[in-house]
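Just below is one structure, and these are the notes that go with it.
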2 protein chains.
Amino acid sequence: MMETPKELVTAAMLVIGDEILSGRTKDKNIGFVADHLTAIGIQLKEVRIVPDEEDKIVAGLNALRASYNYVFTSGGIGPTHDDITADAVAKAFGVGIDIDPLAVAVMRPHYESRGVEFTPGRMRMARIPSGAALVENSVSKAPGFMLENVIVMAGVPNIMQAMVLAVTPVLRTGAKMVSRTVTVRRPESEIAELFAGVQKEFPDVPMGSYPFSDEGGFGANLVLRGVDAGRVEAAEGMLLRRLKEQGMV
Amino acid sequence: MMETPKELVTAAMLVIGDEILSGRTKDKNIGFVADHLTAIGIQLKEVRIVPDEEDKIVAGLNALRASYNYVFTSGGIGPTHDDITADAVAKAFGVGIDIDPLAVAVMRPHYESRGVEFTPGRMRMARIPSGAALVENSVSKAPGFMLENVIVMAGVPNIMQAMVLAVTPVLRTGAKMVSRTVTVRRPESEIAELFAGVQKEFPDVPMGSYPFSDEGGFGANLVLRGVDAGRVEAAEGMLLRRLKEQGMV
């Protein structure tokens with residue numbers, strides 16, 4: 001009996017921060033989110049990086065949340081005046097934003113235990129749009145949040161990673177992409193025709209060629225991906241047979 | 001006499017490739033482009049990462065080329081069937097695409113000297129949209145191209161870098177962002193109010209706070225940016241005075 005194929009669940013990521021666009025900070029969050037979503041069965045389909053400007057954040061968020069099942073944002077929820085993401089999210093959804101008593105309750109003991117003051121900057125991090133659920137920050141307590149299909153996370157990599165893991169149990173996941181890689185030690189231009197021929201026979205198995213060069217010369221990793229493991233394996237089998245016929249593997 | 005202030009020149013980047021979105025490949029091109037454009041006086045204002053799907057590439061490209069002075073694309077101009085960027089660019093501009101004799105002339109001697117065949121895959125890399133100018137590839141010869149304000153580059157990092165440098169002399173550049181960084185060894189939440197006060201006095205000097213933690217505890221890099229060096233320095237002076245008054249530096 002055939003299993004009912006699981007549907008695809010898609011996501012986009014919105015990275016918020018002038019420092020990424022100026023080159024001052026090199027993003028480490030996109031790769032983590034890409035790996036994690038792939039592993040749990042959510043397809044990351046688009047990423048946008050925008051500056052700390054309200055209109056850019058609102059426009060990016062509204063475009064992405066209408067097009068994908070989930071949107072993950074990183075950056076701009078800290079204590080300083082340039083942290084405008086929470087306000088921009090509230091504006092994008094047309095909802096209010098205010099100090100959230102639950103956020104305060106989570107943060108206060110953390111500061112008290114360390115003998116530090118609940119400054120206005122820290123209080124700013126407890127401002128949460130109406131209707132959002134908090135996302136736990138196991139590192140430094142000031143929470144992220146989830147509003148409808150939008151998950152708002154910090155930009156500091158270890159905090160963002162903790163938030164991704166914290167929100168994972170409530171995410172709907174779908175079919176997982178299976179991938180197989182065939183490594184050929186030829187320049188990719190010499191296997192291009194053969195590879196295109198296999199792609200034509202398996203239009204439902206997207207195939208990509210990723211060239212590399214090392215001490216051994218040129219090569220290409222031929223990657224076959226799909227949600228149906230049987231089809232991916234069949235495509236891999238045909239690719240390997242044809243490469244062998246040409247003496248290429 | 002006042003110098004005429006140089007205008008701002010803006011850019012966006014469109015990264016094309018399933019492998020970035022699946023996490024298989026970690027992007028190294030965004031950071032390079034961000035650093036380089038900042039250094040030459042072009043403001044990178046937005047980045048999008050899209051899959052190897054024609055409609056996504058066309059939509060992203062048309063949105064970005066209408067909004068910024070330049071758009072830099074990376075990825076999807078290799079020899080295999082999944083390399084569809086050149087066709088997507090032609091479609092976005094509504095122009096034809098065909099084998100370009102100049103591209104062939106650049107590529108042929110490279111292959112001949114190495115005794116390799118000009119395969120159909122390699123010929124595919126000579127397909128250039130009508131009206132585009134070639135961008136030199138000093139690494140492996142198959143060129144990028146520039147069509148109006150769009151610069152189309154390879155995804156392999158060392159080739160992309162060579163293409164960015166090759167196209168730089170023909171780019172119009174504008175005012176350069178000057179930046180000053182003040183490092184404070186306090187949690188950013190404790191300097192947030194003071195910092196916001198300085199921002200209010202210098203609304204033309206965007207200021208950002210970037211927290212860090214190391215063996216010495218918590219800290220924040222306070223970054224002041226602007227195209228007017230005098231204003232950035234004046235803002236830095238006020239910030240330093242106020243931090244000193246509070247015994248924070």
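First the proteins, then the strands, lettered A, B, ... as listed; each starts at 1.
Here salt bridge (Lys or Arg N to Asp or Glu O under 4.0 Å) pairs that include residues 153-165 of chain A, with residues two or more places apart or in two chains, number zero.
Only one option out of B/D83, B/D100, B/D87 pairs with B/R127 in a side chain to side chain donor-acceptor pair (under 3.5 Å); it is B/D87.
No side-chain heavy atom of B/T119 sits less than 4.5 Å from a side-chain heavy atom of A/E193. Taking 4.5 Å as the limit, every side-chain heavy atom of B/H110 sits out of range of all side-chain heavy atoms of B/V106. At least one side-chain heavy atom of B/V156 sits under 4.5 Å from a side-chain heavy atom of A/P211. The side-chain heavy atoms of A/L64 and A/E46, taken from C-beta on, include a pair separated by under 4.5 Å. Under the 4.5 Å side-chain criterion, counting only non-hydrogen atoms from C-beta, B/T173 is not in contact with B/L37. Side-chain atoms of B/V184 and B/Q246, non-hydrogen and from C-beta on, never get closer than 4.5 Å to each other.
Here B/S189 is the residue among B/S189, B/A192, B/P206, B/A196 with the most heavy-atom pairs under 4.5 Å with chain A. Between chain B and the residues A/P51, A/G121, A/P187, A/S209, the most heavy-atom pairs under 4.5 angstrom are made by A/S209. The candidate from B/A39, B/P120, B/G60 with the greatest count of non-hydrogen atom pairs under 4.5 Å with chain A is B/P120. In terms of heavy-atom pairs under 4.5 angstrom with chain A, the leader among B/V15, B/T181, B/L44, B/V50 is B/L44.
Using a 4.5 Å cut-off between heavy atoms, B/K200 makes no contact with chain A at all. Heavy-atom distances place the side chain of B/T38, and not its backbone, under 4.5 Å from chain A. Contact of A/E53 with chain B is made through the side chain alone, with heavy-atom distances under 4.5 Å. Residue B/S179 does not touch chain A at all, counting heavy-atom pairs closer than 4.5 Å. Residue B/E117: no heavy atom, backbone or side chain, is found under 4.5 Å from chain A. Heavy atoms of B/V116 lying under 4.5 Å from chain A belong exclusively to its side chain.
Judged as a ring-ring contact (aromatic ring centres under 6.0 Å, His included), and not counting sequence neighbours, the contacts of A/H81 are B/F195.
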Distance-only donor-acceptor pairs under 3.5 Å for side chains of residues 217-228 of chain B, two or more places apart:
unit_1, atom_1, unit_2, atom_2, d
B/N221, OD1, B/T183, OG1, 2.6
B/D228, OD1, B/G230, N, 3.0
B/D228, OD1, B/R231, N, 3.3

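To the nearest 0.5 Å, the span separating CE on B/M125 from CD on A/E188 amounts to 7.0 Å.
When the heavy atoms of residues 16-36 of chain A are compared with those of chain B, the residues falling under 4.5 Å are A/D18, A/E19, A/I20, A/L21, A/S22, A/G23, A/R24, A/K26, A/I30, A/G31, A/A34, A/D35, listed by number.
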